[in-house]
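The shown structure was predicted, so the numbers you read here are calculated from the model rather than taken from an experiment.
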Amino acid sequence: MPRVAIEGNERMSLRIAASAKVKLVRAAALSNIINEAEVIKASERDYGRILGLLESSPLPNEKLLAAAGALP
């Protein structure tokens with residue numbers, strides 16, 4: 001009798017060819033690498049600071065204005 005999927009269960013049982021298993025394992029590893037490269041984790045304090053800066057960013061200083069003026 002087949003088992004009913006339980007929400008939150010992170011395991012999966014299936015029979016597949018060895019070549020397919022190799023691909024699944026490789027895809028999972030690559031997915032973790034991509035996630036680590038694309039996700040930035042910030043503490044609650046830092047997150048609040050980031051949001052505050054986005055909502056009311058400081059005026060640009062002379063160095064920033066000069067860099068923007070140097071753009072083509």
For Leu14, enumerate each residue passing the side-chain contact (heavy atoms from CB on, under 4.5 Å) test, keeping only those at least two apart in sequence or located in another chain.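 Here the qualifying residues are Met12, Ile16.
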List, one per line, each side-chain donor-acceptor pair under 3.5 Å for residues 39-59, sequence neighbours excluded.
from  : atom 1 : to    : atom 2 : distance (Å)
Ser43 : OG     : Asp46 : N      : 3.1
Ser43 : OG     : Asp46 : OD2    : 3.3
Ser56 : OG     : Gly52 : O      : 3.2

I'd like a table of donor-acceptor pairs (distance under 3.5 Å, sequence neighbours excluded) in which one partner is a side-chain atom from residues 22-31, with atom names and distances.
none

